[in-house]
Participant: 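Here you go, one structure.
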Amino acid sequence: MILSGRYTQSFLLLLLILTGISLATATARHPYSVTRFMQQTRLKKKSLQGMDIIQNRIFVMQDGGFCRVYDYRTKLLLDSFPLASCRPGNHCNTANFGIEKAKGSSLPVMYVSVGKPGDTDEYACYVESFTCHKGHYQANLVQTIRMDQSGFRQKGWQTIWGCPNWVIDKERRHLWAFSAVKRTVVKETGPFHNNKYVATKFRLPLLKEGKEVILTAHDVLDQAVMEFDAYVTQGGTMKDGKIYYVFGFGKEGTRTPAKMRIYDTDSRTILARWNLEDIVKEEPEDVAVYQGRIYMNTNSPTIYVLDPLP
């Protein structure tokens, strides 16, 4: 059935009333749609953070180093377990599955960004391997990657304030650290023009390089310094040279609403700006690209799906 004009709007309004699903249609104002994909079961005291999706499984990280696994199709909780890097300082800000598999695992290793300002390991990326036996998962820390930017200025590279979020470009086999020149909260940045977002490209270290890998100025392959137009970095993912990233605390009518930006690291430009203030009221946390769609985790029971993929 094809509807047009005011009948289309009436039909969509009826759909909202009947389903209770938040929906933004692809219009001139919103060249994308946002729908509620699923509701997670609540867990007290441990905020929801990084997320990735693989093999019809949704892996959701929680502050302090915990993971919950959901079935992508049924949306049922399958298991909950601590990461090998579980500790109070591990905020699990971003989570990306990589390429390599550790011995005994059917899943690629996962790259977990600490993302906690002031933590002794705030520059670290924990590489975790997951195994599953009779429906229960167990994690093993197979590698820790850290960035040492002490020689960046001498090499002409831009330094960051801290807390890099590590994203994997699986198609090109690169590891990127995403952060900014200054801390991205309003108090530290001030007006937008005072700050820049910085994405730094490295090789993707192999597991055989050892348990500890330090990336220095000599390992930098490239850098993309890009416009700052969204406060409060949260989490993101990467696909074929493009970084999909969410920002803000999600509160409507403030300077820190929920936003998504898609960065093209080849052209060093913002490919798409999605302002979600009137749709997503929760605090966005991380992004996953799965089966041609964008999924956004929030610090609430809600996971959203955004279309279309640019």
Participant: Let me check something: do Met296 and Trp274 share a hydrophobic cluster, defined by ILVMFWY side-chain heavy atoms less than 4.5 Å apart, either directly or through other members?
Facilitator: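 Yes, it is one cluster - the side chains of Met296 and Trp274 are joined through contacts under 4.5 Å.
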Participant: According to a 4.5 Å side-chain heavy-atom criterion applied to Ile, Leu, Val, Met, Phe, Trp and Tyr, with indirect links allowed, do Met226 and Val232 form part of one hydrophobic cluster?
Facilitator: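 Same cluster.
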Participant: Could you go through Asp307 and Arg293, starting from their C-alpha distance and side-chain angles, then the distance that decides it, and tell me whether this counts as salt bridge (charged side-chain N to carboxylate O under 4.0 Å, His left out)?
Facilitator: CA-CA 6 Å; Asp307 291 300; Arg293 308 181 82 186; 2.7 Å; yes
Participant: Could you state the interatomic distance from OG1 (Thr74) to CE (Met38), rounded to the nearest 0.5 Å?
Facilitator: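 The distance works out to 8.5 Å.
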Participant: Is the shortest heavy-atom distance from the side chain of Met51 to the side chain of Ile58 under 4.5 Å?
Facilitator: yes
Participant: If you measure only the distance, is there a donor-acceptor pair under 3.5 Å linking the side chains of Arg68 and Tyr70?
Facilitator: yes
Participant: If I compare all heavy atoms of Tyr290 with all of Asn56, which pair ends up nearest, and what's the gap?
Facilitator: OH-N, 2.9 Å
Participant: Considering only heavy atoms from C-beta outward, does the side chain of Asn195 approach that of Tyr231 to under 4.5 Å?
Facilitator: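 In short, these two side chains do not touch, never coming nearer than 4.5 Å.
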Participant: Starting at OG of Ser129, measure out to CG of Asn140 and round the result to the nearest 0.5 Å.
Facilitator: 6.0 Å
Participant: Supply the atom-to-atom distance Gln143 CD to Glu212 CD, rounded to the nearest 0.5 angstrom.
Facilitator: 8.5 Å
Participant: In sequence, state the C-alpha distance, the side-chain angles, and the governing distance for Arg73 and Arg57, and then conclude on side-chain contact (heavy atoms from CB on, under 4.5 Å).
Facilitator: CA-CA 8 Å; Arg73 293 159 296 192; Arg57 296 289 184 267; 3.9 Å; yes
Participant: Which donor-acceptor pairs under 3.5 Å do side chains of residues 151-164 form with protein atoms, sequence neighbours excluded?
Facilitator:
residue, atom, partner, partner atom, Å
Arg153, NH2, Thr159, OG1, 3.1
Trp161, NE1, Ser179, OG, 3.4

Participant: Write down the atom of Tyr197, the atom of Ala180, and the distance for their closest heavy-atom approach.
Facilitator: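 Minimum heavy-atom contact is CD2-CB, 3.8 Å.
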Participant: Verify the ring-centre separation between Phe37 and Tyr72: is it less than 6.0 angstrom?
Facilitator: yes
Participant: Given 3.5 Å as the limit, does a donor-acceptor pair link the side chain of Tyr123 with the main chain of Gly115, or not?
Facilitator: no
Participant: Any side-chain heavy atom of Thr184 within less than 4.5 Å of one from Gln234?
Facilitator: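 No, every pair of side-chain atoms sits at 4.5 Å or beyond.
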Participant: For Phe178 and Tyr245, I'd like to know if the aromatic rings sit close, meaning centre-to-centre distance below 6.0 Å.
Facilitator: yes
Participant: Check whether Ile54 and Val127 end up in the same hydrophobic cluster, where Ile, Leu, Val, Met, Phe, Trp and Tyr are linked by side-chain heavy atoms less than 4.5 Å apart.
Facilitator: no
Participant: For Pro284 and Gly248, work out which heavy atoms get closest and say how close.
Facilitator: CD-O, 3.6 Å
Participant: How would you list, by chain and number, every residue that makes a side-chain hydrogen bond (donor to acceptor under 3.5 Å, both in side chains) with Arg273, sequence neighbours excluded?
Facilitator: Glu227, Asp229
Participant: Side chains of Thr216 and Asp148: is there a donor and an acceptor less than 3.5 Å apart?
Facilitator: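 No - no donor-acceptor pair under 3.5 Å links their side chains.
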Participant: Could you tell me the separation between the CD atom of Gln49 and the CG atom of Asn90, rounded to the nearest 0.5 Å?
Facilitator: 10.0 Å
Participant: Going by the side chain to side chain contact (heavy atoms under 4.5 Å, CB included) test, name the single residue among Val220, Leu175, Thr200 that passes it with Leu215.
Facilitator: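 Single pass found, and it is Leu175.
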Participant: Count I, L, V, M, F, W, Y as connected when their side-chain heavy atoms are under 4.5 Å apart, and connections chain through other members. Are Val60 and Val305 then in the same cluster?
Facilitator: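 Same cluster.
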Participant: Decide yes or no for Glu128 and Val109: does some side-chain heavy atom of the first lie under 4.5 Å from some side-chain heavy atom of the second?
Facilitator: no
Participant: Please tell me if the side chains of His174 and Leu204 come closer than 4.5 Å, counting only heavy atoms from C-beta onward.
Facilitator: no
Participant: Classify the side-chain pair Glu285/Asn93 by whether it contains a donor and acceptor separated by less than 3.5 Å.
Facilitator: no
Participant: Work out which heavy atom in Glu282 is nearest to a heavy atom in Ala258; give both atom names and the distance.
Facilitator: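 Looking at all heavy atoms of both residues, the closest pair is O-CB, 4.3 Å.
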Participant: Could you walk me through whether Tyr32 and Leu276 pass the side-chain contact (heavy atoms from CB on, under 4.5 Å) test, one step at a time?
Facilitator: CA-CA 10 Å; Tyr32 51 85; Leu276 308 172; 3.8 Å; yes
Participant: Quick one: side chain to side chain donor-acceptor pair (under 3.5 Å) pairs with a partner in residues 102-120, sequence neighbours left out?
Facilitator: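 Every side chain to side chain donor-acceptor pair (under 3.5 Å) pair that includes a residue of residues 102-120, provided the two are not neighbours, is Arg87-Asp119.
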Participant: Salt bridge check, Arg203 against Glu209: does any charged N sit closer than 4.0 Å to a carboxylate O?
Facilitator: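 Counted as a salt bridge, because a side-chain N and a carboxylate O are separated by less than 4.0 Å.
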Participant: Going through the distances and angles, do Asp52 and Tyr295 end up as a side-chain hydrogen bond (donor to acceptor under 3.5 Å, both in side chains)?
Facilitator: CA-CA 9 Å; Asp52 206 355; Tyr295 294 83; over 6 Å; no
Participant: Checking salt bridge (charged side-chain N to carboxylate O under 4.0 Å, His left out) for the pair Asp222/Arg268: CA distance, chi angles, key distance, verdict?
Facilitator: CA-CA 11 Å; Asp222 197 7; Arg268 293 165 171 75; 2.6 Å; yes
Participant: With the side chain counted from C-beta on, respond yes when Val287 and Thr94 share a heavy-atom pair under 4.5 Å apart, and no when they do not.
Facilitator: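 Contact flag for Val287/Thr94 side chains = no.
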Participant: Could you tell me whether the side chain of Asp79 and the main chain of Val69 form a donor-acceptor pair under 3.5 Å?
Facilitator: no
Participant: Apply the test side-chain hydrogen bond (donor to acceptor under 3.5 Å, both in side chains) to residues Glu283 and Ser300: give CA-CA distance (whole Å), side-chain angles for both, the deciding distance (0.1 Å), then the verdict.
Facilitator: CA-CA 8 Å; Glu283 180 178 346; Ser300 77; over 6 Å; no
Participant: Give the other cluster members for Ile214, using side-chain heavy-atom distances under 4.5 Å between Ile, Leu, Val, Met, Phe, Trp and Tyr residues; answer none if it is isolated.
Facilitator: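 Members other than Ile214 - counting any ILVMFWY side chain reachable under 4.5 Å - there are none.
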Participant: Working to the nearest 0.5 angstrom, can you tell me the gap between Thr298 OG1 and Asp286 CG?
Facilitator: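 That separation rounds to 11.5 Å.
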Participant: Where is the tightest heavy-atom contact between Cys92 and Met61, given as atom of each residue plus distance?
Facilitator: CB-CB, 3.6 Å
Participant: Is the shortest side-chain N to carboxylate O distance from Lys259 to Glu277 below 4.0 Å?
Facilitator: no
Participant: Show every donor-acceptor pair shorter than 3.5 Å between a side-chain atom in residues 235-244 and any protein atom, with sequence neighbours excluded, or say none if there are none.
Facilitator:
residue, atom, partner, partner atom, Å
Lys239, NZ, Glu171, OE2, 3.2
Asp240, OD1, Arg172, NE, 3.2

Participant: Is Ile262 reachable from Val289 through a run of hydrophobic residues whose side-chain heavy atoms are each under 4.5 Å from the next?
Facilitator: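 Val289 and Ile262: one cluster.
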Participant: Restricting to pairs with a member in residues 46-66, which pass ring pair (Phe, Tyr, Trp, His ring centres under 6.0 Å), not counting sequence neighbours?
Facilitator: Phe59-Phe97, Phe59-Phe130, Phe59-Tyr137
Participant: Within the 4.5 Å heavy-atom criterion, are Val186 and Thr256 side-chain neighbours or not?
Facilitator: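 Yes. Closest side-chain heavy atoms under 4.5 Å.
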Participant: Under the criterion side-chain hydrogen bond (donor to acceptor under 3.5 Å, both in side chains), I'd like the reasoning laid out for Tyr126 against Asp121: C-alpha separation, chi angles, the key distance, then a yes or no.
Facilitator: CA-CA 10 Å; Tyr126 297 135; Asp121 229 2; 2.7 Å; yes
Participant: List the atom of Asp63, the atom of Pro88, and the distance in Å for their closest heavy-atom pair.
Facilitator: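 Closest approach of Asp63 to Pro88, heavy atoms only: OD1-O, 4.4 Å.
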Participant: More than 12 non-hydrogen atoms from neighbouring residues, nucleotides or ligands closer than 6.0 Å to CD on Gln138, yes or no?
Facilitator: no
Participant: If you round to the nearest 0.5 Å, how far is OG1 of Thr302 from NZ of Lys281?
Facilitator: 13.0 Å
Participant: Does any non-hydrogen side-chain atom of Pro117 lie less than 4.5 Å from one of Arg183?
Facilitator: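 Result yes, sub-4.5 Å side-chain heavy-atom pair found.
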Participant: Apply side-chain hydrogen bond (donor to acceptor under 3.5 Å, both in side chains) to residues Gln40 and Asn297 and explain how you reach the verdict.
Facilitator: CA-CA 10 Å; Gln40 304 178 62; Asn297 191 34; 2.9 Å; yes
